Visitor: 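Right, I'll just put the structure down here and ask away after.
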Amino acid sequence: MMKRTWICLFVLSLCLSDAMAGDDVFTVASLNVDGLPTYIGNIHINPDGPGGETVRVGQFLARKGYDLIGVQEDFNYDEELRSVLEPEYCSGQWQGGIDLSFLKIWKVLFGDRFDTDGLRVFWRSQHVVEQEEAVAWYDSYGKFDHCWDAIVRKGFHRCEMTLLGGQRIVVYNMHMDASTDADEASGNDQGDIDARRSQWRQLRDYVLPRLDERPVILMGDMNSLYPRDSIQALFIDPINATGSHQVSDTWVEHELNGQYPAVGTGDRHLAYDNGEVLDKILYINPVGGLRLKLEAYRLETDYTYDDGTPMGDHFPVSATFSIVGDSSSGIRSMECDSASEVFALDGRCLPTLQKGMNIIRTKDGRVRKVVGK
């Protein structure tokens, strides 16, 4: 009997070690899928979008195997995207495509907007999203010019998630106002800059009162550059000033050793002379306890068709995080599922979840530590 107990304990310890090591690392990607319809009415608005080739976008994302994916401009080709991802991924809220009916287009011409934000979050099915909320920006600029930002209800989504290892995080996915190259070159983009700065302020004021012990990831097509949009002053510095949380930008940390480009330096409009791109992944850690550690940042330049042509206007950005901090980060407080096996720390099989520390092996083979109530 003693021999059997030790064998059971040994096998469980190996499973627990492997499970927890794998559960403590995850990948995040952000991608503008350029899903605007090719035409609205007879206006050719998106000649270079993937259109019916959006299934290839899904194939690229599925091949990469990211844990979390935030997509923007997911409008009229969402079904093609999901058809590839859904066997392995779950998906969050989607507000629909752009309604191309004559009546809706007529209403938009006379003041209405298309009722969609083009945002969706995908996550591998091993993870769980408990709650999601969509929020529209207060301010946008340009209805039939300046990238047509005000033609839809742009904004952000907030998701509360539990990862495979039991770690709880919060994820934001967003799309901010854009500028055209021509407007930037001529200095005619102040309205776009003002709209983005308003959006950074709105995001800050929304995020700040909701910060708690959970790490936060913010990703999306921000259309923002540090030299022109005052991101540090508007968003990063106010959160860091709380003393309870710390903001980091994955690109700044990986490429610039944590030193943010100053406003007005370099070419603040067109040239990414310092390697900065419009898509960003930021993260916020609570001071003390569970936190995210950046392991890798990547601009996915292989996001191309077979001939090397980019599949969209943007290359995806991705980041790999590990979860570090309090040694209890892998411990969860929960009720035991009847389909799970429960073990004491000494390897004894238990009839049900006991008060204190337990080891749970679920029917799919996953093993984790659980605190019984």
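Owing to the predicted nature of the structure, the values given are computational and were not obtained by experimental measurement.
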Visitor: For Thr162 and Arg168, does a side-chain donor sit closer than 3.5 Å to a side-chain acceptor?
Guide: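 Result is no, nothing qualifies.
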
Visitor: Can you measure from CZ (Arg197) to CE (Met176) and round to the nearest 0.5 angstrom?
Guide: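 So the CZ of Arg197 and the CE of Met176 are separated by 12.5 Å.
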
Visitor: Below 4.0 angstrom, N of the basic side chain to O of the carboxylate: do Arg214 and Glu160 qualify?
Guide: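 Salt bridge flag = yes for Glu160 with Arg214.
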
Visitor: Return yes if a side-chain donor-acceptor contact under 3.5 Å exists between His127 and Asp67, otherwise no.
Guide: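 Their side chains do contain a donor-acceptor pair, which is all the 3.5 Å distance test asks for.
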
Visitor: Among all residues two or more places apart in sequence or in another chain, which pass the side chain to side chain donor-acceptor pair (under 3.5 Å) test with Asp117?
Guide: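 Checked Asp117 against side chain to side chain donor-acceptor pair (under 3.5 Å); matches are Gln95, His157.
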
Visitor: How about Lys104: does its NZ atom have over 12 heavy atoms from other parts shown lying under 6.0 Å from it?
Guide: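 Yes - once you tally the heavy atoms of other residues, nucleotides and ligands closer than 6.0 Å, there are more than 12.
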
Visitor: Knowing that exactly one of Asp34, Asn173, Asn223 qualifies, which makes a side-chain hydrogen bond (donor to acceptor under 3.5 Å, both in side chains) with Gln72?
Guide: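 Between Gln72 and the candidates, side-chain hydrogen bond (donor to acceptor under 3.5 Å, both in side chains) is satisfied uniquely by Asn173.
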
Visitor: For Lys64, give me all partners under side chain to side chain donor-acceptor pair (under 3.5 Å), at least two apart in sequence or on another chain.
Guide: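 Here the qualifying residues are Glu300, Asp302.
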
Visitor: Any side-chain donor-acceptor pair under 3.5 Å between Trp200 and Ser230?
Guide: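 Result is no, nothing qualifies.
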
Visitor: Just so I know, are the side chains of Met161 and Trp123 near enough to count as touching, which here means a heavy-atom distance under 4.5 Å?
Guide: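 When only atoms from C-beta onward are counted, Trp123 and Met161 do touch, with a gap below 4.5 Å.
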
Visitor: Taking the six-membered ring where the residue is Trp, are the ring centres of Phe26 and Tyr66 under 6.0 Å apart?
Guide: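 No: the rings miss the under 6.0 Å criterion.
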
Visitor: Could you check whether Arg124 makes a cation-pi contact with Tyr89, meaning its NZ or CZ is under 6.0 Å from the centre of the six-membered ring and within 45° of the ring axis?
Guide: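 Flagged: Arg124 positioned over aromatic ring of Tyr89.
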
Visitor: Is the terminal nitrogen or CZ of Arg210 (NZ for Lys, CZ for Arg) located under 6.0 angstrom from the six-membered ring centre of Tyr206 and within 45° of that ring's axis?
Guide: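 That pair qualifies as a cation-pi contact.
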
Visitor: Among Asp229, Asp221, Asp177, find the residue that satisfies the salt bridge (Lys or Arg N to Asp or Glu O under 4.0 Å) test when tested with Arg196.
Guide: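 It is Asp229, the one option of Asp229, Asp221, Asp177 that forms the salt bridge (Lys or Arg N to Asp or Glu O under 4.0 Å) with Arg196.
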
Visitor: Without hydrogens or angle criteria, can the side chains of Asp189 and Ser179 be said to hold a donor-acceptor pair below 3.5 Å?
Guide: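 No donor-acceptor contact under 3.5 Å links the two side chains.
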
Visitor: With clusters defined by side-chain heavy atoms of hydrophobic residues (ILVMFWY) lying less than 4.5 Å apart, directly or transitively, does Val277 cluster with Tyr260?
Guide: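 Both belong to a single hydrophobic cluster.
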
Visitor: Answer whether the closest heavy-atom distance between the side chains of Met222 and Leu278 falls below 4.5 Å.
Guide: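 Met222 does not reach Leu278 side chain to side chain.
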
Visitor: Residues two or more places apart in sequence or in another chain: which of them pass ring-ring contact (aromatic ring centres under 6.0 Å, His included) with Tyr141?
Guide: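 For Tyr141, the residues satisfying ring-ring contact (aromatic ring centres under 6.0 Å, His included) (neighbours in sequence not counted) are His146.
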
Visitor: Taking atom types as modelled, find out whether Tyr172 and Glu133 have a side-chain donor-acceptor pair closer than 3.5 angstrom.
Guide: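 No - no donor-acceptor pair under 3.5 Å links their side chains.
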
Visitor: Give a yes-or-no answer on whether the side chains of Gln167 and Asp24 include a donor-acceptor pair shorter than 3.5 Å.
Guide: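 Yes, Asp24 and Gln167 have a side-chain donor paired with an acceptor closer than 3.5 Å.
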
Visitor: Can a side-chain donor-acceptor contact be found between Asp249 and Tyr283 if the only test is distance below 3.5 angstrom?
Guide: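 The criterion, which ignores hydrogens and geometry beyond distance, is not satisfied for Asp249 and Tyr283.
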
